[in-house]
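To find a chain, count down the sequence lines: A is the first, B the second, and so on, and within it residues start at 1.
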There are 2 protein chains.
Amino acid sequence: MTASPLAEQIAQKLRRDILRGKLAPGDPIKERDNAVDLGVSRTPLREAVRILAKEGLVQLRPARSPIVADPSLKEVRDSVMVLKALEILSGELACREASDAEIAEIRDLSERHLALSETAEGDALIELFEIDMAFHTAIARASHNPALAETHAAYLARMWRQRYLSAVQRRARERVRTQHENIVRGLETRDPARVGAEIDAHLSALIVNLTRLFELRESGRDLTTNEKDIE
Amino acid sequence: MTASPLAEQIAQKLRRDILRGKLAPGDPIKERDNAVDLGVSRTPLREAVRILAKEGLVQLRPARSPIVADPSLKEVRDSVMVLKALEILSGELACREASDAEIAEIRDLSERHLALSETAEGDALIELFEIDMAFHTAIARASHNPALAETHAAYLARMWRQRYLSAVQRRARERVRTQHENIVRGLETRDPARVGAEIDAHLSALIVNLTRLFELRESGRDLTTNEKDIE
DNA sequence: CGTTTGAATCTGGTATACCAAAAAATTCTT
DNA sequence: AAGAATTTTTTGGTATACCAGATTCAAACG
C-alpha cells in the first residue's frame, strides 16, 4: 500500500505546472483528458484536483471542468491580508517559542537570500524565490504552532504565482532584503512588537507591489499568455 | 449532475456523529464498513473522509484506518489562537465592510442564541450550538473577505467538538451571552478596536474554559468514550 | 434569417471489481 | 512453551464501467 502518493504526486506536478505558468489561469483541467495523458486513472487525478481546489489553485465549478484559478486583485489582496495576520501571529509567537537554533536558521536563510538576490537571473530566480518562501515558512514553523504553520503554508502556496511575479522584480528585491533583515533582528532580540511591525510593513509593501503588477497587466500586455477571458 | 452532494452529505453526517460523540475520538473510520452501513459505495465515502481530514476532524494514517481526531490540549489551544487572530481580523474588517443588514443579521443570531440559551436542554443544545457557530460565521462573512471566511469556517469546524463541550456548560453559556452582546455593540458602532478587544476576550475565555475541561477529563473519568451525551 | 428545440456529446458522480501492502493470527520449528 | 516464519485477513489504492445532468450545436420550424 502506498498511502496514496499517486494523488499527491499528481497534485505536485499540476502545482508546478500552474506556478511556472505552463498551465495558464483559466485553463480547464479535464479529469478525463489529463488522466489519459498522465497514464493514470481518473480516480487519483480526481483526488489531486480536490487537493488543489482546497489550496485555492484551481476552482471547482458545478457541472463544469475545474479551471486553473485566476484570482482577481481583490482576491489576492484578501489573501495577503489573511497571510499578514497569520504571519504576524507567527512572528510574535516565535519570539517566545523559537529556539536559538531556529532563529539562527532563519538568519541563515535570510543571508542566503541576500547573497543570491543581487546576482540571480533566469532559472536561479526560482531558487531565489524558493529561499524567500523558505524564510517565511521557517518563521511560521518557529511559532511552534503546527496548525498555524500549516495554514500559513497553504496561503503561501495559494499565492505562489503572484508572489513569484512580484519577487522577481529587481526593484522589489532590494526592499525585500532589508525587510527580511529587520525581521531577523526583531527575532534575535525577541521583540514581538517589532517583529509584528516589520512583518506588517513587509506584507503591506507586497500588497502595494502586487497592485502595481495588476495594473500593469491590465493596461499593457498580458503576462499570463492566455487572453481569452480577461473581461 | 449533482455537484457531488453525496460526499458532502456523508461528511456532514459524520461530522454530526463526531460532534455528538457517537463517534468517539480514536474510533476508526473504516471506509468499507461505513460504506455498506450507509448504503453507498466507497468512492463518495472516501471523499467525505478526505474532507473531514482536511478539516482536521479525522486523522489519516498511512496504511491504517483513519481515526477520529483526538487533539491534545496544546493542539486545541494552538487552533484557538489561530482562530482568534482570524476572528479579530474578521471583526475589524467587518466594521468597515459590513452592510447594516449584515450587522442586523448578526444581532438577530445573537438574540436567538440568547433566547435559546436559558432554556435549552438535550437535543436543543445542538441547535443552540449551531446558532453560536452561525454567529461567528456571520461575522467572518461580514468581513467581505471570502478567503478569510473560508479559513475561519475550517477552523471552526475543526474544533466543533471541543467548542461544543465547552458551549454546553451552564456556566459558560452565561458568559457567552454577554460577550456576544458586546461584540454586536462594537459592530453596530463600527468600532474596530472594541470589536477586536471583545473577540479577544471571548476567545481567550474559551481557551481558559477548554483548559479547565481538559483538566477535568484528565482527573475524573473519561468523558470521551461513548456516553454520547453530556448531561 | 432568426429562434427554438432536441439529440449527440462532454462533463463529473457513483458503484464495483481487483490489487498490493501491512497487521494479525496461526502454525511450525526449536 | 517461546519465537519466528508464514499464511490469512483487513486495509486502502487504483482502474474501469456506467449513469445523469449540462452544454452545445444543428436542424427544423416560424
Side-chain angles (χ1 to χ4, degrees), chain A residues 1-18 23-70 226-231, chain B residues 1-18 22-70 150:
Chain A
M1 243 186 233
T2 26
S4 133
L6 228 189
E8 191 54 55
Q9 211 173 304
I10 296 169
Q12 185 60 30
K13 179 198 171 353
L14 290 176
R15 226 183 322 243
R16 284 192 81 99
D17 284 353
I18 292 173
L23 281 171
D27 278 4
I29 303 193
K30 307 182 193 176
E31 73 177 47
R32 260 182 176 81
D33 293 0
N34 277 73
V36 300
D37 284 357
L38 297 172
V40 300
S41 112
R42 285 173 54 204
T43 316
L45 190 136
R46 171 189 196 66
E47 259 191 61
V49 168
R50 300 316 172 101
I51 291 173
L52 298 181
K54 263 286 177 198
E55 292 175 359
L57 274 146
V58 309
Q59 286 181 309
L60 261 45
R61 310 174 295 178
R64 304 296 297 276
S65 292
I67 58 175
V68 177
D70 186 12
N226 88 318
E227 28 273 82
K228 99 163 21 147
D229 59 10
I230 317 289
E231 90 248 329
Chain B
M1 242 190 236
T2 26
S4 129
L6 228 187
E8 191 54 55
Q9 210 173 306
I10 296 169
Q12 184 60 30
K13 178 197 172 356
L14 290 175
R15 234 185 313 247
R16 282 188 81 103
D17 284 351
I18 293 173
K22 195 170 161 192
L23 282 171
D27 277 4
I29 304 194
K30 309 181 192 175
E31 72 178 48
R32 258 183 176 78
D33 294 359
N34 278 75
V36 300
D37 284 357
L38 297 172
V40 300
S41 116
R42 285 172 55 204
T43 317
L45 189 136
R46 171 188 197 68
E47 258 192 61
V49 168
R50 300 314 171 103
I51 291 173
L52 297 182
K54 263 287 177 197
E55 292 175 359
L57 273 147
V58 310
Q59 287 180 310
L60 261 43
R61 309 174 296 178
R64 301 299 295 276
S65 292
I67 59 174
V68 177
D70 187 11
E150 191 183 323

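- The side chain of Val40(A) has dA15(D) as its nearest neighbour among dG12(D), dA15(D), dT14(C).
- Between Arg46(A) and dT16(D), a side-chain N or O to OP1/OP2 separation shorter than 4.0 Å is absent.
- Distances from the side chain of Arg42(A) to the nucleotides dT16(C), dA17(D), dA15(D) place dA17(D) closest.
- Rounded to whole angstrom, the span from the CG atom of Leu38(A) across to the P atom of dT14(D) amounts to 13 Å.
- In this structure, the CD atom of Gln9(B) is 14 Å from the P atom of dG13(C), given to the nearest Å.
- Rounded to an integer number of Å, the gap from CD of Glu47(A) to C1' of dT14(C) is 15 Å.
- Each of dG12(D), dG13(C), dG12(C) was ranked by its minimum atom distance to the side chain of Arg50(A); first place goes to dG13(C).
- Atom CG of residue Leu14(A) and atom CD of residue Gln9(A) lie 11.5 Å apart, to the nearest 0.5 angstrom.
- Picking from dT11(D), dA15(D), dT14(D) the nucleotide with the shortest atom distance to the side chain of Ser65(B) gives dT11(D).
- A residue-by-residue look at Thr43(B) and Ile29(A) shows that Ile29(A) has its nearest nucleotide of DNA chain C further toward the 5' end.
- Summarising the geometry, the separation between CG on Leu45(A) and P on dG12(C) is reported as 10 Å, rounded to the nearest angstrom.
- Going from atom CG of Leu60(B) over to atom C1' of dA22(C) covers 16 Å, rounded to whole Å.
- Contact annotation: Lys30(B) side-chain N/O to dG12(D) OP1/OP2 distance is not under 4.0 Å.
- The side-chain heavy atoms of Arg50(B) and Leu60(B), taken from C-beta on, include a pair separated by under 4.5 Å.
- Computed from coordinates, the Glu8(A) CD to dT14(D) C1' distance equals 16 Å when rounded to whole Å.
- Of the inter-residue distances, the one linking Leu52(A) atom CG with Glu47(A) atom CD reads 11.5 Å to the nearest 0.5 angstrom.
- Listed here is the closest heavy atom pair of Lys22(B) and Asp27(B): O-OD2, 4.5 Å.
- A straight line from CD1 of Ile67(A) to C1' of dG12(C) spans 15 Å, rounded to a whole angstrom.
- Using a 4.5 Å heavy-atom cutoff, the side chains of Val68(B) and Asp17(B) are not in contact.
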